[in-house]
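A short write-up of the structure that comes next.
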Amino acid sequence: MRLFDTATREVRDFIPLVPGQVSMYVCGATVQAAPHVGHIRSGVAFDVLSRWLRHNGFEVTLVRNVTDIDDKIMAKGEIENRPWWAVAAHYEREFQNAYTILGCTPPTIAPRATGHITQMISLMQDLIERGHAYAAQGDVYFDVRSFADYGKLSGQRIDELLPAGDAGSSSPKKDPRDFALWKSAKLGEPSWPTPWGDGRPGWHIECSAMAKAYLGDAFDIHGGGLDLVFPHHENEVAQSKAAGQAFANFWLHNAWVTTSGEKMSKSLGNSLLVTQVVQRVRPIELRWYLASAHYRSNLEFSDAALSESAVAFGRIENFVTRATEVLGEIELSDLPVDFIDAMNEDLNVPSALAVLHEVVSAGNSLLADGEHGAKLITALSQVRGMLDVLGVDPLNPTWNSSQSDSPQAALALDALVQGQIVARAEAKEQKDFAKADAIRDQLSALGITLQDSAESVRWILEK
RNA sequence: GGUGGAGUGGCCGAGAGGCGAGGCAAGGGAUUGCAAAUCCCUGUACACGGGUUCAAAUCCCGUCUCCACCUCCA
């Protein structure tokens, strides 16, 4: 399998540090607002990666952090008139819900920054001892000039960077590009005791501390959104490597969801909350849409594209449902070679989907011809296998809408619709097409679509 | 100013020297009482200008446009 590594800017062979196991750290959310579609794209992208790794027999340890203390969370607490920790807990839950309804496999652990202050202190002590950090007026800063590789990950040179915004004359920093590992607490701010005084973590330190706590000094993959490359990941890798760790072997970054060509972000006012979008399409359709573009390509979000994508998925789903009605439960078989090749080449999902569509077409032909044998079984099992890798197998219990799908209700509805189907068949028998069409229209008005085929009539409830 | 990415047919979206990925939409056909569902057929697209090559969307040079990061960001 090959993956694009931001650090080397090339697609290269992925070989885990420990055979058979993959350790992965993905930057989750700073829980200061509800998740929008862009946030969840990242969740879906790395979920597809971990599913593919598991499919290939790797045991995956996935750490996805929750940064639950930072300036914005504190500011939000002011606005919402509640403690910072209530804000953090609230939005953490919202993210959790979004990941869940989009079918993301839960991470092995979702550690919180505030639960790892001890590890942060120990890391800072280590950095100070090694001469890569210094305490000043209760703050602790990372000394970027002390670390030769600073800027390597993002291709930045320290002297070419725009001056940092907080580099005022009052700053105790040695260099304006030095960044805060720890910030001394002002009155009324949350704080934790340290050898340098009471304070709270700066951004970046939590990820270094938690990656080490759960994955050790060296691990396979570090992921996140493209905007994290600089400064977040640059600073993280600087801290951890300056502390003597090998840190991440691969750096993976997902691209944006855009609208009108621009990155979706709160400040531009163009963000769409996950909760809003899943009112328009089903969660599985949103996931299909987000997963269907290559993770390193921008995905231009539009209502039209979303709707078309849902229609396209409907065709796949239709095949799965019809074939399953004919075949019942089946065992999964091997995936098509072309699909495997596409996924192994830096998760080329769009190419992989071309294979999926081909198998679906072939499967539909088999159904149309009434061939319900081994070929159809293979087609269905391959299709479901491919969908499963992408996390969009419609038959997976994840997607059962719990409220409406009680078995009794489904049986009752089926009995009623079957009655109408029989009535329509009788009308057709008597060439009373007006009556037959009226029955079909009635059902259609209720969201029930009839699908005729040579030997049977089936119905589906539009969702 | 520094760094990185992108411009592909009506739309979405892969590919990255060689004989038209795929999807959606559209047109035609099969099937149907009519629809729906399904299947088959139909498209010579790669921002622009040069160049290299037997061959370029893919390589080189130049130009234009857009986006992102360098401040919080998935």
Side-chain angles (χ1 to χ4, degrees), chain A residues 6 9 26-30 32-33 35-46 70-72 75 95 151 154-167 177 203 223-232 234 253-258 260-268 271 289 292-294 296-300 302 304-316 318-319 322 338 342 345 348-358 360-369 428 431-434 436-437 440-441 444 449-454 457-460:
Chain A
T6 305
R9 278 152 243 269
V26 175
C27 281
T30 299
Q32 47 103 0
H36 63 231
V37 178
H39 291 122
I40 214 67
R41 181 192 186 182
S42 186
V44 169
F46 288 104
D70 94 320
D71 291 357
K72 284 200 168 181
F95 267 86
S154 59
Q156 305 288 335
R157 270 170 268 125
I158 295 174
D159 295 312
E160 301 285 359
L161 294 176
L162 290 175
D166 63 342
R177 280 84 180 186
W203 188 36
L226 201 63
D227 48 1
L228 297 178
V229 177
F230 193 92
H232 185 54
E234 190 69 67
H253 293 98
N254 65 277
W256 311 131
V257 176
T258 58
S260 309
E262 289 182 317
K263 175 186 172 188
M264 187 176 286
S265 79
K266 299 205 74 176
S267 51
L268 288 169
S271 54
Y289 177 61
S292 62
H294 186 95
R296 284 193 290 117
S297 295
N298 282 353
L299 177 63
E300 171 67 14
S302 73
L306 181 64
S307 305
E308 281 175 11
S309 176
V311 169
F313 181 69
R315 185 170 160 274
I316 311 280
N318 200 2
F319 166 70
R322 291 198 305 149
D338 290 348
E345 188 61 19
N348 194 334
V349 175
S351 278
L353 291 184
V355 181
L356 176 68
H357 283 115
E358 278 167 24
V360 168
S361 286
N364 275 328
S365 291
L366 293 170
L367 280 171
D369 296 345
K428 281 167 70 173
K431 305 279 183 204
D432 186 352
F433 296 119
D437 290 351
R440 186 171 63 197
D441 292 346
S444 175
T449 306
L450 298 183
Q451 292 181 353
D452 293 349
S453 68
V457 179
R458 62 192 296 275
W459 63 273
I460 52 172

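Convention: sequence-line order gives letters A, B, ...; per-chain numbering from 1.
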Would you sketch RNA chain B in dot-bracket for me? Only Watson-Crick or G-U wobble pairs with both distances under 3.5 Å count, crossing pairs as [ ], other-strand pairs as |, the rest as dots.
-> (((((((..(((.....[...))).(((((.......)))))....(((((..]....))))))))))))....
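For A/A354, whose side chain is taken as the heavy atoms from C-beta onward, the closest listed nucleotide among B/A21, B/C34, B/A74 is B/A21. Listed nucleotides B/G33, B/C69, B/C70 differ in distance to A/L161; the shortest reach to its side chain belongs to B/C70. Considering only side-chain atoms of A/Q451, the nucleotide from B/U38, B/U3, B/A37 that sits closest is B/A37. Distance from the side chain of A/M264 is smallest to B/A74 among B/A74, B/C39, B/A36. Which of B/C70, B/A74, B/C24 sits closest to the side chain of A/S42 comes down to B/A74. The side chain of A/D437 has B/G33 as its nearest neighbour among B/C70, B/G22, B/G33. Comparing B/C69, B/G1, B/G22 by their nearest atom to the side chain of A/E160 picks out B/G1.
Remark: A/R315 is in phosphate contact with B/C39, judged by side-chain N or O atoms under 4.0 Å from OP1 or OP2. Contact between the side-chain N/O atoms of A/R9 and the OP1/OP2 oxygens of B/G4 is not found at any separation under 4.0 Å. Between A/K428 and B/C34 there is no side-chain polar atom (N or O) within less than 4.0 angstrom of OP1 or OP2.
Counting any heavy atom pair closer than 4.0 Å across all strands shown, A/T30 reaches sugar-phosphate atoms only and no base atom. Backbone-only contact: A/N318 has heavy atoms under 4.0 Å from sugar-phosphate atoms and none from a base. Within the nucleic acid shown, A/G223 has no heavy atom closer than 4.0 Å to any nucleic acid atom. Contacts of A/H39 with the nucleic acid, taken as non-hydrogen atoms under 4.0 Å apart, include base atoms. Residue A/A304 is out of contact with every strand shown, counting any heavy-atom pair closer than 4.0 Å. Among the atoms of the strands shown, base atoms are found under 4.0 Å from some heavy atom of A/G38. Base engagement by A/V257 is indicated by at least one non-hydrogen atom pair under 4.0 Å involving a base atom. Within the 4.0 angstrom heavy-atom criterion, base atoms lie near A/D452.
Here, B/G23 and B/G43 have their P atoms 14 Å apart, quoted to the whole Å. Nucleotides B/C64 and B/U44 are separated by 33 Å at their P atoms, to the nearest Å. On the P atoms, B/U3 is 16 Å away from B/U63, given to the nearest whole Å. Rounded to the nearest Å, the gap between the C1' atom of B/A14 and that of B/A6 is 15 Å. Annotation: B/G49 and B/U8 have their P atoms spaced 16 Å apart (nearest Å). Taking the P atoms as reference points, B/G4 lies 28 Å from B/G9, given to the whole Å. Using atom C1' as the reference point in both B/G2 and B/A57, the two lie 30 Å apart (nearest Å). Comparing the P positions of B/A21 and B/U42 gives an interatomic distance of 13 Å, to the nearest angstrom.
For A/S42 against A/G224, the heavy-atom pair with the smallest separation is OG-C, 4.4 Å. Scanning all heavy atoms of the two residues, the minimum distance from A/A352 to A/A342 falls at N-CB, 3.6 Å. Looking at every heavy atom in both residues, A/S271 comes nearest to A/H36 through CB-ND1, 3.5 Å. Across A/V257 and A/G38, no two heavy atoms sit closer than the pair CG2-CA, 3.8 Å.
For the 3.5 Å distance criterion, the side chains of A/N298 and A/T258 fail to qualify, holding no donor opposite an acceptor. With hydrogens and angles left out, the side-chain atoms of A/R296 and A/T6 include no donor and acceptor closer than 3.5 Å.
The interatomic distance linking A/F319 (CZ) with B/G23 (C1') rounds to 17 Å, in whole Å. Computed from coordinates, the A/D432 CG to B/C34 P distance equals 16 Å when rounded to whole Å. Straight-line distance from the CD1 atom of A/I158 to the P atom of B/U3: 15 Å, rounded to whole Å. Rounded to an integer number of Å, the gap from CZ of A/F230 to C1' of B/C70 is 6 Å. Distance, A/N254 CG to B/A6 C1': 16 Å, rounded to whole Å. As a whole-Å value, the separation of A/K72 NZ from B/A74 P is 8 Å. The CG atom of A/D441 sits 9 Å away from the C1' atom of B/A35 (whole-angstrom rounding). One interatomic measurement links the two molecules: CD of A/E262 to P of B/A74, which rounds to 18 Å at whole-angstrom precision.
Looking at A/D227 and A/K263, a side-chain N of the basic residue comes within less than 4.0 Å of a carboxylate O on the acidic one, giving a salt bridge.
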A/D452 vs A/K428, side chain to side chain contact (heavy atoms under 4.5 Å, CB included): CA-CA, chis, key distance, verdict | CA-CA 13 Å; A/D452 293 349; A/K428 281 167 70 173; 3.8 Å; yes
Derivation of the side chain to side chain contact (heavy atoms under 4.5 Å, CB included) call for A/R41 and A/L299 = CA-CA 9 Å; A/R41 181 192 186 182; A/L299 177 63; 3.7 Å; yes
Would A/Q451 and A/W459 count as a side chain to side chain contact (heavy atoms under 4.5 Å, CB included) if you check the C-alpha gap in whole Å, the side-chain angles of each, and the deciding distance to 0.1 Å?
-> CA-CA 6 Å; A/Q451 292 181 353; A/W459 63 273; over 6 Å; no
Run the side chain to side chain contact (heavy atoms under 4.5 Å, CB included) check on A/R315 and A/H357 step by step: do they pass?
-> CA-CA 9 Å; A/R315 185 170 160 274; A/H357 283 115; 3.7 Å; yes
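No side-chain heavy atom of A/F95 sits less than 4.5 Å from a side-chain heavy atom of A/I40.
Nearest-nucleotide positions on RNA chain B for A/N364 and A/L228 put A/N364 closer to the 5' end. Mapping A/S453 and A/V360 onto RNA chain B by nearest heavy atom places A/S453 at the nucleotide closer to the 5' end.
You won't find any donor-acceptor pair under 3.5 Å spanning the side chain of A/R157 and the base of B/C70, going by distance alone.
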Can you give one letter per nucleotide of nucleotides 11-19 of chain B, 5' to 3': B if a protein heavy atom sits under 4.0 Å from the base, S if only from the sugar-phosphate, - if neither?
-> --SSS----
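Atoms OG and OH, from A/S302 and A/Y289 in turn, are 5.0 Å apart once rounded to the nearest 0.5 Å.
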